[in-house]
Amino acid sequence: DAGVIQSPRHEVTEMGQEVTLRCKPISGHDYLFWYRQTMMRGLELLIYFNNNVPIDDSGMPEDRFSAKMPNASFSTLKIQPSEPRDSAVYFCASRTVGLGNTIYFGEGSWLTVV
Amino acid sequence: QQQVKQSPQSLIVQKGGISIINCAYENTAFDYFPWYQQFPGKGPALLIAIRPDVSEKKEGRFTISFNKSAKQFSLHIMDSQPGDSATYFCAASMGTSGSRLTFGEGTQLTVNP
């Protein structure tokens, strides 16, 4: 399997612009997670989906952040408008029940907002 | 109560030495404790995991020791190698789905040749 695929790998954008991060989970996985990693706050869970339905979005920092999962093979995380403090690495991850609790991470989207 | 505290923040070990990273948790409902390894520019990857019904789990050079009464668990890397240099995260979750992983702050391990 190709693993969790994220795009873009790197993005530099200006403050106020809309940012869309994309994720393709591992085929057959029914949980999808969005994490954010920063030096200050470490790895934070933003939101997760089960069978395309958002289950827990309590980690989404504010209304500027939104996430969707229109089908089992695609998810987006959108930031509108972006701010410099949103600069971080955003990881998408997926798992399936029945193979333990292993969560498989993508390689991340490195976002810089200037 | 959802926190997982990890120490040390950074660790330097000589090749062949033993690396030890510790984690402590408060929530007694946690029942799954994985360790993730992250190399620069990559996402975290599962290294080894344990459930509280055992006190130790070993996979190759990596061992998790678990102390349920103290609410602590640790990662031991035997015969540490330069290729082990990475950031290590402990984590914890609860329930059969174990979906909401709470991560520790991370430990940056450097193994000198």
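Lettering follows sequence order; numbering is per chain, from 1.
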Requested in this report: Count the heavy atoms belonging to other residues, nucleotides or ligands that lie under 6.0 Å from CD of B:Q9, then report whether that count exceeds 12.
Outcome: no
Query raised in the report: Between B:F33 and B:F73, is the ring centre distance below 6.0 Å?
Result: yes
What part of [X] is in contact with chain B, defined as an atom under 4.5 angstrom from a non-hydrogen atom: side chain, backbone, both or neither?
X: A:Q37; value: side chain
X: A:S58; value: side chain
X: A:R41; value: neither

Query raised in the report: So what's closer than 4.5 Å to chain A heavy atoms on B:P34: side chain, backbone, both or neither?
Result: neither
Query raised in the report: Which is it for A:F49 and A:F33 under the ring pair (Phe, Tyr, Trp, His ring centres under 6.0 Å) test, yes or no, and what are the steps along the way?
Result: CA-CA 6 Å; A:F49 296 82; A:F33 308 85; 9.5 Å; no
Query raised in the report: Do the rings of A:Y35 and A:F105 sit parallel, tilted or perpendicular, given the 30° and 60° boundaries?
Result: tilted
